[in-house]
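Report on one structure; see the data block that follows.
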Protein chains: 2
Amino acid sequence: MSPRTKFAMAGRNTCPTSPSKSKAFQTAIERIGIAVKYERNAEIYAEDDPADSLYQVIRGTVRSYKLLDDGRRQIGAFYFPGDIFGLEAGAGHTFAAETIVDSKILVIRRIPFVALASRDNNVAHQLWTLSATEVRRAQDHATVLIMNAQERVIGFLHEMARRSPAEAEIDLPMSRGDIADYLGLTVETVSRTFKQLERSASIALPTSRHIVLRDHAAFT
Amino acid sequence: MSPRTKFAMAGRNTCPTSPSKSKAFQTAIERIGIAVKYERNAEIYAEDDPADSLYQVIRGTVRSYKLLDDGRRQIGAFYFPGDIFGLEAGAGHTFAAETIVDSKILVIRRIPFVALASRDNNVAHQLWTLSATEVRRAQDHATVLIMNAQERVIGFLHEMARRSPAEAEIDLPMSRGDIADYLGLTVETVSRTFKQLERSASIALPTSRHIVLRDHAAFT
DNA sequence: CGACCATTTGATATGGATCAAGCGATGTGG
DNA sequence: CCACATCGCTTGATCCATATCAAATGGTCG
């Protein structure tokens with residue numbers, strides 16, 4: 001693989017996730033929303049910003065995060081094309097959101113969206129489903145966080161593989177630092193754990209951002 | 001305090017949480033649901049059971065949990081009077097639920113409830129709010145899980161204090177083992193951390209299940 | 001009183017953090 | 001176009017927090 005290919009692949013074009021979102025719903029939000037381009041590491045919204053829009057990734061990758069009192073950063077989620085984020089029941093965002101790579105984001109104003117939901121039962125149901133998806137994501141996140149370093153990293157790879165277009169082939173748009181802050185580990189530990197998994201032939205690492213899952217059984 | 005008082009207090013009678021649930025909503029679910037008594041350590045539903053009801057704690061305490069492949073138990077949440085749990089967007093429960101102490105639970109069948117939501121915008125909105133509350137809870141849980149043992153325990157005490165009728169006085173219905181499985185620590189570490197906090201005069205431990213928060217500033 | 005379970009306490013082992021340094025790729029300015 | 005600065009990643013050495021193993025204590029109930 002050429003040195004540049006990996007970045008091209010990091011901006012995914014497919015939408016392998018979110019099977020439960022109906023076509024009608026997708027059409028509706030595309031009508032209400034407007035597509036906006038962000039370059040990499042651009043802020044979409046900050047923590048505590050008023051939550052007057054929600055967002056769907058069209059192209060690229062987004063991380064949500066919050067800064068703890070002592071300066072540590074916790075990454076709450078990564079969002080890929082098709083994923084919807086930033087929907088809040090309260091008035092403000094509880095996490096900030098930034099692009100990881102150059103991205104295109106559908107920005108949907110909350111007021112017309114919620115208004116639509118109160119007219120259209122299908123949309124209201126999707127609204128609930130979106131929250132429920134987010135609950136599940138956060139619970140799964142908590143589940144990997146009670147485990148040891150190797151299990152956390154494997155859990156992370158699972159999650160990425162599930163959302164990757166090519167089942168056993170992963171292109172990571174995010175840095176080791178992002179992964180570390182998502183998993184509650186240090187960059188050094190993430191790096192060493194990848195190396196261990198490579199030595200035990202569970203994965204191959206052609207480049208630091210491209211991972212091939214071997215022994216896919218152990219990863220299910 | 002007499003040896004028995006703590007258990008009497010563990011069954012809380014107040015509903016300090018859930019300020020966003022409307023009176024009309026509460027009336028509606030009370031009309032649809034039926035109250036059921038469970039004795040302590042009784043199963044309400046198992047992991048993967050069909051999710052055809054949701055539940056509100058009337059009296060007592062509930063833990064939700066899942067068993068990991070290697071037998072470890074992860075506790076996902078504790079539910080106190082007023083809390084609603086077991087609402088799923090999918091077909092099955094992703095966590096099991098058990099009472100911790102003798103409890104009274106309002107059991108609400110899902111079908112009439114969802115039907116009501118599709119007729120009544122207010123209920124539909126509450127449905128969304130419930131999910132959003134659960135998202136927040138799970139995110140907060142993930143946030144404490146990236147921290148060290150002392151911070152996890154303090155985070156846990158915060159959470160309990162917030163939901164306790166008496167601000168700086170906590171009666172724990174759950175065992176050290178439950179706390180450990182919620183925080184991803186061992187019972188020994190939980191016990192030692194409580195002791196440390198007591199030695200540093202951050203808390204007092206009149207009995208192992210009763211905690212008084214001193215220096216409430218450090219706990220905010 | 002005696003058995004059982006929850007909790008505490010102690011001794012030791014170890015996984016991951018921390019501190020430190022090197023390496024390779026990328027981008028920038030001369 | 002090359003030299004250099006920067007950034008992301010890796011690797012090594014050491015330290016410390018928490019797990020693990022083991023046993024004692026204490027409260028509760030029959």
Side-chain angles (χ1 to χ4, degrees), chain A residues 1-8 10 39-41 63 70-73 100-102 144-154 156 171-200 203 205-211, chain B residues 1-8 10 39-41 63 70-73 100-102 144-154 156 171-199 203-211:
Chain A
M1 172 183 289
S2 84
R4 320 218 92 258
T5 313
K6 59 182 173 187
F7 282 135
E39 52 182 31
R40 72 195 218 96
N41 295 322
R63 64 178 163 248
D70 58 358
R72 277 175 301 179
R73 181 184 64 156
I100 291 178
V101 296
D102 292 352
V144 321
L145 291 180
I146 68 164
M147 307 201 245
N148 68 28
Q150 176 152 330
E151 293 169 314
R152 290 188 207 194
V153 169
I154 289 175
F156 169 76
D171 279 286
L172 299 174
M174 73 289 286
S175 70
R176 296 287 187 266
D178 288 336
I179 299 170
D181 290 346
Y182 181 65
L183 297 179
L185 301 171
T186 60
V187 277
E188 293 95 330
T189 299
V190 171
S191 180
R192 281 189 251 264
T193 306
F194 275 145
K195 181 62 65 171
Q196 273 173 240
L197 291 173
E198 193 184 26
R199 261 189 267 113
S200 72
I203 64 171
L205 276 165
T207 78
S208 67
R209 300 287 186 104
H210 184 76
I211 297 182
Chain B
M1 173 182 284
S2 84
R4 319 218 90 257
T5 313
K6 60 182 174 188
F7 279 136
E39 54 183 32
R40 74 197 215 96
N41 295 320
R63 63 178 164 248
D70 58 357
R72 277 175 301 181
R73 180 184 65 156
I100 292 179
V101 296
D102 293 352
V144 321
L145 292 181
I146 68 163
M147 307 201 247
N148 68 28
Q150 177 152 327
E151 293 169 314
R152 291 188 206 194
V153 169
I154 289 175
F156 169 76
D171 279 286
L172 299 174
M174 73 288 285
S175 70
R176 295 288 186 269
D178 287 337
I179 298 169
D181 290 347
Y182 180 65
L183 296 179
L185 301 170
T186 61
V187 278
E188 293 95 329
T189 298
V190 171
S191 179
R192 280 189 252 262
T193 305
F194 275 144
K195 183 60 66 170
Q196 273 173 241
L197 291 174
E198 193 183 26
R199 261 190 267 112
I203 64 171
L205 277 164
T207 77
S208 66
R209 300 288 184 102
H210 183 76
I211 298 182

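Hydrogens, waters and symmetry mates are skipped; everything else that's a heavy atom, side chains included, is used. Throughout, protein chains are lettered first and strands after them, A, B, ... in sequence-line order, and every chain is numbered starting at 1.
- For D:dT10, one of the phosphate oxygens OP1 or OP2 lies less than 4.0 angstrom from a side-chain nitrogen or oxygen of A:Ser191.
- Contact annotation: A:Lys195 reaches the phosphate of D:dT11 (side-chain N/O to OP1 or OP2, under 4.0 Å).
- Judged by distance alone, with hydrogens and angles left aside, B:Arg192 brings a side-chain donor or acceptor within reach of the base of C:dG10, the pair sitting under 3.5 Å.
- OP1 or OP2 of D:dC7 has not a single side-chain nitrogen or oxygen of A:Arg176 nearer than 4.0 Å.
- A heavy-atom distance below 4.5 Å is not found between the side chains of B:Thr193 and B:Leu185.
- In terms of phosphate contacts, A:Thr186 brings no side-chain nitrogen or oxygen within less than 4.0 Å of OP1 or OP2 of C:dG16.
- Checking side-chain atoms of B:Arg176 against main-chain N and O of B:Ser208 turns up a donor-acceptor pair under 3.5 Å.
- Between A:Glu188 atom CD and C:dG15 atom C1' the separation is 14 Å, expressed in whole Å.
- Nucleic acid contact class of B:Ser175 (heavy atoms, under 4.0 Å, all strands): sugar-phosphate only.
- Atom pair B:Arg209:CZ and C:dC5:P shows a separation of 15 Å (rounding to whole Å applied).
- With rounding to whole Å, A:Asp181 atom CG is found 11 Å from C:dA17 atom P.
- When the side-chain nitrogen and oxygen atoms of A:Arg152 are compared with OP1 and OP2 of C:dG16, none of them lie within a distance under 4.0 Å.
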